[in-house]
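A quick note: this is a predicted structure, and the numbers were derived from the prediction, not measured. Below, chain A is the first sequence line, B the second, and so on; all start at residue 1.
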Amino acid sequence: MRYDFTDYVLIVAGAVTRVAVYALLALPAALVVVLSFTSGETMDFPPAGFSMQWYQKAFESEPFMSALWTSTYVAVIVAIAALVIGFAAAFAINRFDFPGKGLLQALAFSPLIVPAVVLGIGLLYLFAWMNLIQTMFPLFAGHLVLAIPYVVRTVLASLTLHNRVLEEAAMNLRASPLRVVRRITLPLILPGLLSAAIFAFVTSFGNVTVSVFLTYGGNVTLPVQLFTYLDHSYNPLVAAVSSIMIFVTLAVILTIERLIGAETLS
Amino acid sequence: MKRRTFLKLATATTMSTLAAPYVHAQEKKFAGITLRFGGWGGLYDETIQKYVAAPLEERTGLKVQITAGTQSADLVKLVANKENPPFDVYQADSAYMVEALKADLIQEVTEAEVPNIKRILPGFREYGEYGVPYSVFTYIPIYNSELVEQPLTTYTDLTRPDLEGRVALPAATFDTWSLYLLALAEENGGSISNMEPAYSLLEQAKSNILALAQSTVAMIQMFETKEASAGVISDARGHELRTKGHPIVSVYPPQGIYGATSYMNVVKNAKHPEAAFAFLDQMLSDEGMLGLPRALRLGVTTDVKLPDEIAKDLTFNTPERIALKKKVDWQKWMADRSARIERINKILRG
């Protein structure tokens, strides 16, 4: 294959763009992680030296650790619930024609088009009206509302792309619809389901805007704790806590990757 | 032992035995009660926990549950749950007090309920019987002495031509932080009802503005990276920059210093108003009052005696400095908020 000058320019431009995009995506997080190991008292770059003191302080901080626990268990429960609800919705949208299908689809994606602040205030008033505000339920429900669109979109794409021949063969062999879903559909779209679960987890784990309205009774999430901390203090503890958030998210993704393999997930 | 001595001793022992449970009950009169406090997070909450909540718990058995949040989100939570509020004590600065009062969320607090109110300095209680002021913060001009040759002495100095492209100011959406605008107006013959002098000065000195900070962190970073040579920031943050080794000088303009006050409020329909009063009283005690100055160098609102090493870092550390504290008509300031933001945006876009 012959390359002319234009091809070379495009190849180089493509490579430069890729590097720039990857750098832009990874550098902020990498910078935060690097700063979290500073031995200095300020978030100066380059760091003054290497130290784990800010991690020690982060792990000793009761507000941060209880917030980390709250964020983690809320995100895990939300990911599981969003997966169940999102799969059901995506399956219905993909497989069946029924009155109101367009409305269901629009509703499933609507949280994406409503600004998160407005959604947070709306949910606050809704749960206040239901007299449920002084429980953990609004936080779960708020995060669930945010996560469902991502799950529906991802699962819907998996369902649309996967070949239905195996499902039809199973049904020809008299497998019940539930058995077909359980033994054929779910295993075939497993990578999509797990990607959706990761989306849901990350959406819930990193949310501030909705959480700040729905937390109650000391159950503050880590991003809200971090956000309020920044209002009065600005030191490498912020970088250490942010890095812990990054590590937790990475741990979730890597665990899933170890369970099913990166190739399958991609 | 004589009969009389024996009777005296026996009576005293009996009385003590009978009175002990009562005294103990008085000491731990809030045992089993949890007070819900809307916190502001981080070091702020840690300080209140250490100097207010912990001593109070030891003395009265009261547990304090601090939920970190923002005053705007907490206000919305209270408005949405008026009958069953999620907090017993709500914190608000001078600007948010206007909103809290408008929404009828807080109750009056008098000296009868919180005896330490009598120790509040004159002029620090801006809303009559509403709100207990516990901390004061100012927004003053600061400059980097290595980068600015001629020292600043007033808010108006921020518009000097030699500071072109080097001044960092807050976004107009910050209600208390943008008090520098009122300062610009009043230093130049204007008033809260006539902000034109401030606007025309800003228009003329538009090229001085490096950026309008959307957060305190962004503002601090501009000074840390030396992008900004001068600006307006809270006195506590100016001190923080100095402790990090930056040559930042705080300016105390002789015409007046602008700032706001933080208040604690007992929420209407609070579950435990008595416990909330005790909490407020502990906040105003010497022990409670010295916590925030120690940790964050925030100003005090009572006649508490400040240790010298803290006093030297505070804005209002002498009667003369306190006399410079400008009174702000917060109702008017907040009523003009939208128009002010619109005007600033128009000036800076133009």
Side-chain angles (χ1 to χ4, degrees), chain A residues 35 40-45 48 57 60-64 66-67 70 117-118 120-135 138-139 208-239 241, chain B residues 34 36-49 63-87 91 93 135 137 215-221 223-225 234 236-237 240-241 243-246 262 271 292 295-298:
Chain A
L35 288 174
E41 295 293 310
T42 56
M43 280 175 62
D44 291 329
F45 192 86
K57 280 183 183 156
E60 281 169 3
S61 163
E62 199 277 324
F64 277 129
S66 67
T70 304
V117 175
V118 178
I121 294 174
L123 286 165
L124 175 70
Y125 273 87
L126 176 70
F127 289 116
W129 176 69
M130 292 163 76
N131 207 17
L132 281 171
I133 206 71
Q134 294 182 20
T135 63
L139 193 62
V208 176
T209 340
V210 167
S211 308
V212 80
F213 292 105
L214 302 178
T215 47
Y216 169 72
N219 294 307
V220 178
T221 61
L222 190 55
V224 173
Q225 193 69 259
L226 203 56
F227 182 69
T228 54
Y229 183 87
L230 276 171
D231 220 21
H232 302 286
S233 321
Y234 179 55
N235 55 35
L237 183 62
V238 172
V241 175
Chain B
T34 301
R36 299 158 311 157
F37 175 72
W40 286 347
L43 197 49
Y44 209 91
D45 287 358
E46 281 172 33
T47 307
I48 286 174
Q49 171 64 37
K63 285 209 178 305
V64 180
Q65 182 184 66
I66 302 179
T67 304
T70 62
Q71 53 179 338
S72 53
D74 290 351
L75 184 89
V76 175
K77 282 181 187 177
L78 289 174
V79 172
N81 295 277
K82 275 190 179 179
E83 299 306 314
N84 187 18
F87 307 116
Q91 293 184 95
D93 66 21
S135 174
F137 51 100
S215 66
T216 42
V217 170
M219 178 68 92
I220 285 177
Q221 274 189 330
F223 279 96
E224 283 184 345
T225 56
S234 73
R237 291 305 188 129
E240 187 185 332
L241 279 164
T243 56
K244 287 178 178 175
H246 300 281
S262 298
K271 266 188 193 163
L292 288 170
L296 293 161
R297 290 299 189 267
L298 289 167

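- Taking chain B as the reference chain and counting heavy-atom pairs below 4.5 Å, the highest number among A/Tyr229, A/Phe64, A/Phe127, A/Phe227 is found for A/Tyr229.
- Side-chain atoms of B/Trp40 and B/Gln91, non-hydrogen and from C-beta on, do get closer than 4.5 Å to each other.
- By number of non-hydrogen pairs under 4.5 angstrom with chain A, the leading residue of B/Gln49, B/Arg237, B/Glu240 is B/Arg237.
- You'll find the side chain of B/Thr67 reaches within 4.5 Å of the side chain of A/Val220, heavy atoms only.
- Within the 4.5 angstrom heavy-atom criterion, only side-chain atoms of A/Ile121, from C-beta onward, approach chain B.
- Proximity to chain A is limited to the side chain of B/Leu296, based on heavy atoms less than 4.5 angstrom apart.
- For a residue to count as touching a neighbouring chain, one of its non-hydrogen atoms must lie under 4.5 Å from one of that chain's; by this rule B/Gln221 touches chain A with the side chain only.
- For the pair B/Phe37/B/Ile48, a side-chain contact is recorded, criterion being any heavy-atom separation below 4.5 Å from C-beta on.
- Checking side-chain atoms of B/Lys77 against main-chain N and O of A/Thr215 turns up a donor-acceptor pair under 3.5 Å.
- When heavy atoms are compared at a cutoff of 4.5 Å, A/Asn131 approaches chain B solely by way of its side chain, counted from C-beta outward.
- Residue A/Leu226 is tested with A/Val208, A/Val238, A/Leu237 for a side chain to side chain contact (heavy atoms under 4.5 Å, CB included); the sole match is A/Val238.
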